[in-house]
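This report refers to the structure that appears directly beneath it.
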2 protein chains.
Amino acid sequence: MESSRSDQIASLLEEQILTGRFAPGARLDEVSLAEEHQVSRTPIREALQRLLLSGLVEHTPRRGVFVRQASAVEIMEMFEVMAELEAACGRLSAMRSSEEAVERLRHVNAGCREALKNGDADAYYEENGAFHHLIYAQSGNRFLENETARLHRRLKPYRRMQLHLRGRMQQSMDEHDGIVDAIAKGKAEVAAELLRGHVGVQGEKFHHLLQQLRLDKTG
Amino acid sequence: MESSRSDQIASLLEEQILTGRFAPGARLDEVSLAEEHQVSRTPIREALQRLLLSGLVEHTPRRGVFVRQASAVEIMEMFEVMAELEAACGRLSAMRSSEEAVERLRHVNAGCREALKNGDADAYYEENGAFHHLIYAQSGNRFLENETARLHRRLKPYRRMQLHLRGRMQQSMDEHDGIVDAIAKGKAEVAAELLRGHVGVQGEKFHHLLQQLRLDKTG
DNA sequence: GTCAATAATATTGTATACAAGAACTACAGA
DNA sequence: TCTGTAGTTCTTGTATACAATATTATTGAC
């Protein structure tokens with residue numbers, strides 16, 4: 001079941017869905033996929049099974065598997081949960097962080113600042129991801145780390161939209177500094193609150209995301 | 001994939017694992033299960049796939065699927081995440097609760113009190129579950145509701161241990177009252193804090209759970 | 001008697017075959 | 001032109017067959 005082939009195929013399909021090769025609503029045809037991957041239908045079906053639980057696709061009996069069309073509401077809900085999970089990571093990180101951990105956080109954050117200075121959005125995107133994943137890890141709770149990373153991954157396509165908001169990179173950077181500071185000083189509630197605000201989608205971010213989702217739908 | 005048979009089998013297997021028919025570490029033999037359910041190996045494999053992502057079982061290539069032996073550390077981690085998710089539900093519930101919602105919460109809580117008065121642990125367990133699920137729902141975030149319910153379900157076998165702690169039912173009940181009160185008054189942070197403490201495993205609860213896990217392992 | 005090597009066995013992973021149900025098309029009638 | 005129906009085709013869901021690998025048993029040497 002985690003057999004090499006179906007495992008690889010599952011990862012690949014997930015990646016392709018997230019990066020938009022399969023548009024929302026598209027059907028994942030078993031025979032086409034089988035031909036494409038030079039394999040029988042069986043491993044394809046096993047791979048599709050794996051995607052089901054992740055919420056990326058949905059299945060209608062006797063109809064097939066379709067790429068899930070997440071509604072705007074649903075996406076907002078996921079961001080809200082994301083904010084809460086990140087807040088939890090932040091709280092625990094602040095409670096448990098060592099001097100060394102803080103140092104690593106500062107180092108990654110410096111990478112963000114560097115990317116911002118260069119105006120390199122892609123690099124910032126990468127460094128920003130590393131920054132957040134580091135906070136997940138420093139929560140000291142592996143389970144929380146995995147769950148948070150899972151949702152992070154799930155929201156990937158929508159998060160990218162956010163960065164293109166005018167001035168968002170600079171604001172994001174400022175928020176990072178505050179977060180690092182709170183964690184360094186062991187201020188758990190402050191760290192949680194800052195991360196919740198940092199990740200959450202309110203105000204202008206909210207409208208921007210809504211607009212992007214609408215554009216995405218019509219065009 | 002959500003085909004009637006493999007779907008039913010997946011749910012059944014999950015239930016059986018959670019209720020302990022398959023001990024942790026046990027192998028889930030495809031042919032035995034196929035015979036038992038009067039079906040070929042194919043639907044069994046599809047059902048096992050579904051269990052993989054939930055973390056209930058793990059798979060070793062060319063070896064088979066085994067019921068996952070969650071370590072004590074892992075269980076503690078899950079409880080910690082549970083506490084955070086419940087806190088999030090509580091916060092959002094408090095922010096969004098209507099008069100009617102609070103009324104329903106009070107009603108279910110009265111059911112808990114009734115069960116406590118009768119000293120009926122099973123009934124309390126049921127009512128307590130309903131109480132918490134209601135809070136999940138009243139968060140107004142379906143995604144959060146589902147994710148929280150999922151973890152709640154996952155922790156079911158371990159939560160049952162907790163209730164047998166001497167005096168735990170009464171204490172749990174007292175905490176419920178405070179939670180309802182906070183939600184009713186829209187005190188988001190208080191509700192969150194109370195729920196985090198209510199669900200979290202610290203102090204005596206911690207030692208009790210650890211002890212139970214050890215007993216469970218040896219005997 | 002113990003260990004190692006090899007053969008036998010069993011179990012998973014994949015392919016293919018078949019059955020049941022859904023979607024689509026063609027055609028008749030209004 | 002639109003609608004309803006019957007038949008065809010296509011796709012999924014399940015069973016079975018086969019291949020590859022892991023496990024176990026057996027045999028032989030020391």
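What you see below is based on every heavy atom in this structure, not just the backbone, and it leaves out hydrogens, waters and symmetry mates.
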Donor-acceptor pair, side chain of B/Ser32 and main chain of B/Leu28, under 3.5 angstrom: no
Short side-chain N/O contact from A/Arg63 to OP1 or OP2 of C/dA23, under 4.0 Å: yes
Position toward the 5' end of DNA chain C (nearest nucleotide), B/Arg27 or B/Thr42: B/Arg27
Interatomic distance where CD belongs to A/Gln38 and P belongs to C/dT16 [whole Å]: 12 Å
B/Phe131: ring-ring contact (aromatic ring centres under 6.0 Å, His included) partners, not counting sequence neighbours: B/His176
Whole-Å gap separating P (D/dA15) and CD (B/Glu46): 11 Å
Salt bridge (Lys or Arg N to Asp or Glu O under 4.0 Å): pairs with one or both residues in residues 97-112 of chain A, sequence neighbours excluded: none
Among C/dG13, D/dT14, D/dT23, the one nearest B/Ser40 by side-chain distance: D/dT14
Length of the CG-C1' vector between A/Leu48 and D/dT11, whole Å: 13 Å
Closest nucleotide among C/dT12, D/dA22, D/dT14 to the B/Pro43 side chain: D/dT14
Residue pairs involving residues 130-144 of chain B (criterion salt bridge (Lys or Arg N to Asp or Glu O under 4.0 Å); sequence neighbours excluded): B/Arg142-B/Glu145
Interatomic distance, A/Leu28 CG vs D/dT11 P [rounded to whole Å]: 14 Å
All side chain to side chain contact (heavy atoms under 4.5 Å, CB included) counterparts of B/Leu12, not counting sequence neighbours: B/Gln16, B/His37
Sidechain N-carboxylate O distance under 4.0 Å for A/Glu74, A/Arg68: yes
Partners meeting ring-ring contact (aromatic ring centres under 6.0 Å, His included) with B/His133 (sequence neighbours left out): B/Tyr136, B/His152
Integer-rounded Å distance: C/dG13 P and A/Gln49 CD: 14 Å
A/His59 side-chain N/O to D/dG13 phosphate OP1/OP2 under 4.0 Å: yes
Distance, rounded to the nearest Å, where A/Ile44 contributes CD1 and D/dG13 contributes P: 14 Å
Short heteroatom pairs, N/O only, protein and nucleotides 18-21 of chain D, under 3.5 Å:
{"from": "D/dA20", "atom 1": "N3", "to": "B/Arg62", "atom 2": "NH1", "distance (Å)": "3.2"}

Between C1' of C/dA17 and CZ of A/Arg45, the distance in whole Å: 14 Å
Between D/dA15 (C1') and B/Glu30 (CD): distance, integer Å: 14 Å
Closest to side chain of A/Asp29, choosing from D/dT14, C/dT14, D/dT12: D/dT12
Sugar-phosphate only, base, or nothing, as touched by A/Val31 at under 4.0 Å among non-hydrogen atoms: nothing
